[in-house]
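Side-chain atoms are counted along with the backbone in the values below, which use heavy atoms only and exclude waters and symmetry mates. Residue numbers start at 1 and run along the sequence shown.
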Amino acid sequence: MTDPALAESGSAETYPQVELGQSPPRRRRTRGRAVRALMIVAAATALAAILLKISVFHPLSSDGANNALQGWDMFHGNFLLRGWILGDATYYTLELPLFGLVESVMGLRADITNVEVTLTYLLVLAIAMIVAKGRSTGMHAALRCLAVLFVLTAPLASPPGPLLMLSVPIHFGTAVFMLLAFLIYDRATWRFAAPVLLFAVLTLGQLGDATVLYCGVIPVILVGCSRLLFRSRVWSRDVPFALAALLSVPAERELRQVIKQAGGYTMIQPHTDIVPAAQWLENAKTAGIDVLQLFGYTGPGTSVNLMAILRVSVGMLALATVVVGLVAVLLRWHRADPCEQLIALGIGLNIAGFALTPNATLGSTYDLCFVLSGGSVLAARLVTPGVAERLADSAGSRKILWTVPLVALTAYALILGLTLPPQGTAVPQLASFLQARGLTYGLGTYGDASSVTLQSGDAVQVRAVVKTPGTFDAYDWETKSDWFDPAKYTADFVIANVPPASQGITVADVEAVYGQPQRLYKAADREILVYRGNLLDKVKPPTPGEG
């Protein structure tokens, strides 16, 4: 028996009896959370390693190299990117700062593009999982997250997939802003802070990519107004969200003007004109083909064999789940939650905006990236509460079986992605050749310019030019004005493409402007013409963008 005196004094004789009854469940829960966290970290690390390997499939390009150079400038204090002329999507508020962050650790080197696109992919994947999960918990939430993972990895089995998600910033990362905005609309309960946060997310998103205006801002306004109308209320929480989205449009334009007036970057205006109605049907067909390419279809005219069919099949299965998810939302529109309505509208506007503008060309699949990222959420939402109820009634081993098809299909897609043979490129050989001969500043086509610059770690700087009658002009896309200032730099070589180059610069083009070279080298299917004097004296500098 316990001594009453000890019991009264609260000694260790009685205390363990209480602790033994309460502590183990708490400890088990804590231990379970820790184990799950470790499993998630391990899975994310393994996935990152696989994505890095797949990203090598597409060689370094000047698009990604220019983004890396812009991030390098931001890391070194040029936050407004003074002197830069950016493309029609600047990626100023996500990918470029992410490049700067990566470069702060790794320095300026060729493989930083692989790291940046991998981090962007993981960011989109994580936010899509959070949005798809909704308020579900347990195995129901796990299945939804696995469904998102399957849809976003399925296209990686086929060549178009790595190009769109793991090569350079081309709209895929823009889904971060749309999905975050939709998550705030759907889940946030803060009366005043939530609309302000939504406003900030949409404003920054538009600053980086106009896609946010069409696929993010407009859906929020339409859904907010429609929900207010059907509820027959004068005021609801939808009103401040719709107003925040509406105000983000002039706010973004004002912010862009402030940057421009402060001497910051200019940009090329996006093509948003509506094409004639007679062209809509043809553009719609093009959009359909590009959606197929978004999920791994290699396009018309490509060879068909068993391996190609195996690669494409997993992407087509993912597309089918997205279509079913979209149709399910449309059929129960008034019962769908705001997030599902927003994503469905965003996908519809993404496709419509593509088909009604000059952007609708075969191969411009990157303009439709929200169909993939947003579609993954709708596909995951097919895992309904009804499934969750059946899961709850299942034994532990049977619950795990529900995950097997999704895990198997994801592994299948990633294995096929890892087996894609890397595409060859002349850039490494060209950069090494120039550096070995002390040729450090020159001119070339856009494809050879910044890719060689980044490959050499900025030791060899090549600037993009285009041929014009009697001279060369600086290429106005993704460039920097002072690169062509003869008072700052001396260019003494030109990289010419070996004929028959369908586009580019030939030896004859160079000699027509600069005459016979002092030396002529051949390297990596290119001809390098070396001159005395400064070739920049005959190059027209770039024209600043209007945006």
Side-chain angles (χ1 to χ4, degrees), residues 127-128 131-132 134 171 174-189 194-253 270 272-274 280 284 287 291 322-323 325-357 359 367-379 381:
I127 295 175
V131 175
H171 302 294
T174 301
V176 166
F177 296 99
M178 274 96 78
L179 293 176
L180 271 179
F182 299 164
L183 181 64
I184 294 167
Y185 193 123
D186 187 46
R187 298 285 299 280
T189 56
V196 173
L197 185 58
L198 179 87
F199 168 82
V201 168
L202 290 177
T203 300
L204 293 174
Q206 292 172 80
L207 190 64
D209 189 347
T211 305
V212 176
L213 170 62
Y214 306 106
C215 302
V217 173
I218 295 177
V220 170
I221 295 172
L222 291 178
V223 168
C225 292
S226 66
R227 288 172 64 83
L228 182 66
L229 179 64
F230 284 107
R231 288 182 177 185
S232 301
R233 295 180 182 177
V234 177
W235 185 264
S236 74
R237 68 188 293 272
D238 302 291
V239 175
F241 284 126
L243 287 174
L246 183 63
L247 291 174
S248 71
V249 179
E252 183 273 336
R253 292 178 180 174
T272 57
D273 298 335
I274 304 298
W280 291 357
V291 168
V322 170
V323 171
L326 180 59
V327 171
V329 172
L330 296 177
L331 290 177
R332 55 182 178 84
W333 183 261
H334 294 298
R335 292 181 290 111
D337 62 42
C339 190
E340 293 171 344
Q341 294 175 335
L342 290 165
I343 291 175
L345 268 176
I347 289 173
L349 289 170
N350 195 189
I351 296 174
F354 180 80
L356 299 180
T357 62
N359 298 314
D367 284 323
L368 294 166
C369 277
F370 188 66
V371 177
L372 176 58
S373 50
S376 71
V377 175
L378 297 186
R381 291 294 183 107

Whether the side chain of [X] engages the backbone of [Y] through a donor-acceptor N/O pair (distance < 3.5 Å, no angle test) should be reported.
X: T203; Y: A200; answer: no
X: R187; Y: G134; answer: yes
X: Q341; Y: W333; answer: yes
X: R227; Y: V239; answer: no
X: N350; Y: D367; answer: yes
X: Q206; Y: L202; answer: yes

Atom [atom1] in [X], atom [atom2] in [Y]: separation rounded to 0.5 Å?
X: L207; Y: R253; atom1: CG; atom2: CZ; value: 13.0 Å
X: H171; Y: C215; atom1: NE2; atom2: SG; value: 10.0 Å
X: L342; Y: I218; atom1: CG; atom2: CD1; value: 12.5 Å
X: I343; Y: L179; atom1: CD1; atom2: CG; value: 5.5 Å
X: L349; Y: L222; atom1: CG; atom2: CG; value: 7.0 Å
X: Y185; Y: L197; atom1: OH; atom2: CG; value: 15.0 Å

V201 vs V176, test: side chain to side chain contact (heavy atoms under 4.5 Å, CB included). Steps then yes/no.
CA-CA 9 Å; V201 168; V176 166; over 6 Å; no
With a 4.5 Å cut-off on side-chain heavy atoms, are [Y] and [X] touching?
X: F199; Y: L243; value: no
X: L183; Y: C339; value: no
X: V220; Y: L198; value: yes
X: T272; Y: Y214; value: yes
X: C369; Y: T174; value: no
X: T211; Y: F177; value: no

Side chain to side chain contact (heavy atoms under 4.5 Å, CB included) between R381 and D337: does it pass, once the steps are laid out?
CA-CA 11 Å; R381 291 294 183 107; D337 62 42; 2.6 Å; yes
Closest heavy-atom contact between [X] and [Y]?
X: E340; Y: A336; result: OE1-CB, 3.4 Å
X: S376; Y: V322; result: N-CG2, 4.3 Å
X: I221; Y: A242; result: CG1-O, 3.8 Å
X: L368; Y: A287; result: CD1-O, 4.0 Å
X: A175; Y: F370; result: CB-CD1, 4.2 Å
X: P219; Y: L345; result: CB-CB, 4.0 Å

Between I347 and L378, does the side chain to side chain contact (heavy atoms under 4.5 Å, CB included) criterion hold? Intermediate values first, please.
CA-CA 10 Å; I347 289 173; L378 297 186; 3.9 Å; yes
Chi angles and distances behind the side chain to side chain contact (heavy atoms under 4.5 Å, CB included) call for F241, I184:
CA-CA 9 Å; F241 284 126; I184 294 167; 4.1 Å; yes
